[in-house]
Amino acid sequence: MKNFISVSDVIDINALVAKALAYKANPFRDKTTGTNKRIGLLFLNPSLRTRLSTQVAAQNLGMEAIVFNVDKEGWALEFEEGAIMNGNTVEHVKDAAPILGNYFDILCIRTFPSLKNREDDYSEMYISQFIKYAGVPVISLESATLHPLQSLTDIITIKEFLNNSPLRIGGKPKIVLTWAPHIKPLPQCVANSFSQWVTAWGEADFVITHPQNYELAEKFTQGATITHNQDEALKDADFVYVKNWSAYNEYGKMFNNDPSWMLTAEKLRITNNAKVMHCLPVRRNIELSDEILDGPNSLVTQEASNRVWAAQAVISELLKPRP
Ligand code: CP
């Protein structure tokens, strides 16, 4: 693995999941792998889980982790090639990234999309420019279109549950990604990424359900069944992944915000006693009801806790000597 930006960087998903679960069983089994190495975590926007779980993961491997809130503490970065920098940006990424590459052995970056210009957001210019100029492995802590550490965690959490409670002999689990209401437009990253990982994993029947106008980019959903009928999607589901996203086609817009799309205990009765997942943070009683979040079907705390093991597995892969 050279970088960790999407599922395409992973040769064997199940092997990476197994590695993560081995770290969960014994967090310090590779505690000297990162001795005398440093990881830099650059944030262009807020985070709780990604920031802290990645630091803990690096420390479990013996690495020093340094966080830099670029948005609050750094110079405003320019990413456009050939930019005439007579506006608000102060430093070009082609000047900053090689310096960061000299300070750190691995560089991690979190950015968000503008949700204004789809072409710009889906070009993933920020993360691509860091890869181009840093000269060290780059980990996405969430980019404009994807959230790979979250999705790896989600597969780990599903696999962990299935290892402990096999559903049915020989059968694939049914996993449903359902759109949920929200008070403001959110990126498509988590939904894109979850779809990309579940379809690449290939060990589930995967259904995506959302109201009209919330179609995701086809390149991430190929292999999934897509329906506007939430009840039909939820029927016999083993896992329900709840997430809001804004429109991809009419980019960044919110259309329907129908509260009836919120998952409730009543809706859960249609499922096969499904386990419920969400990446967090969650708007309680808008996206997901208290009764679900506080009830026995919720996997959200276990899921968020597993972020450490996903990050630890990825960092450990990137620390392997490369030919
Ligand atoms: N799920 C997730 O990425 O959480 P944070 O935004 O708190 O990092």
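Note that ligands are numbered from 1 as they come in the structure, with each ligand's atoms numbered from 1 the same way. The figures here come from the full heavy-atom set of this structure, side chains too, leaving out hydrogens, waters and symmetry mates. The residues of the chain are indexed from 1 along the displayed sequence.
Atoms of ligand 1 found under 4.0 Å from any heavy atom of Arg307, numbered from 1 in the order shown, are 1 (N), 2 (C), 3 (O). Residue Cys279 approaches ligand 1 through these ligand atoms, each under 4.0 Å from one of its heavy atoms: 1 (N). Under a 4.0 Å criterion applied to the non-hydrogen atoms of Leu280, ligand 1 contributes the atoms 1 (N), 2 (C), 4 (O). The contact set between ligand 1 and His147, taken as ligand atoms under 4.0 Å from a residue heavy atom, comprises 2 (C), 3 (O).
The nearest heavy-atom contact from the protein to atom 7 (O) of ligand 1 is Leu48 N, 2.7 Å. In this structure, atom 6 (O) of ligand 1 lies nearest to the protein heavy atom Arg110 NH1, 3.0 Å. Of the protein's non-hydrogen atoms, the one nearest atom 4 (O) of ligand 1 is Arg49 NE, 2.9 Å.
Geometric assessment of Arg51 against the ring of Phe43 yields a positive cation-pi assignment under the 6.0 Å and 45° thresholds.
Checking only distances, Thr50 does come within under 3.5 Å of ligand 1, N or O to N or O. Taking only nitrogen or oxygen atoms, main chain and side chain alike, Ser47 reaches within less than 3.5 Å of ligand 1. The shortest N/O to N/O separation between Pro46 and ligand 1 does not fall below 3.5 Å.
Looking only at side-chain heavy atoms (C-beta outward), Lys94 and Lys132 stay at 4.5 Å or farther from each other. Counting heavy atoms from C-beta on, the side chains of Gln129 and Glu124 never come closer than 4.5 Å. Looking at Asn192 and Lys219, their side chains never come closer than 4.5 Å, going by heavy atoms from C-beta outward.
Under 4.0 Å is where a charged nitrogen must lie from a carboxylate oxygen, and between Lys174 and Asp205 no such pair does.
Ring geometry for Phe194 against Tyr241 counts as parallel: the plane angle stays under 30°, on a 0 to 90° scale with 60° as the upper cut.
Within the 3.5 Å criterion, the main-chain N or O of Glu91 finds no donor-acceptor partner in the side chain of Asp95.
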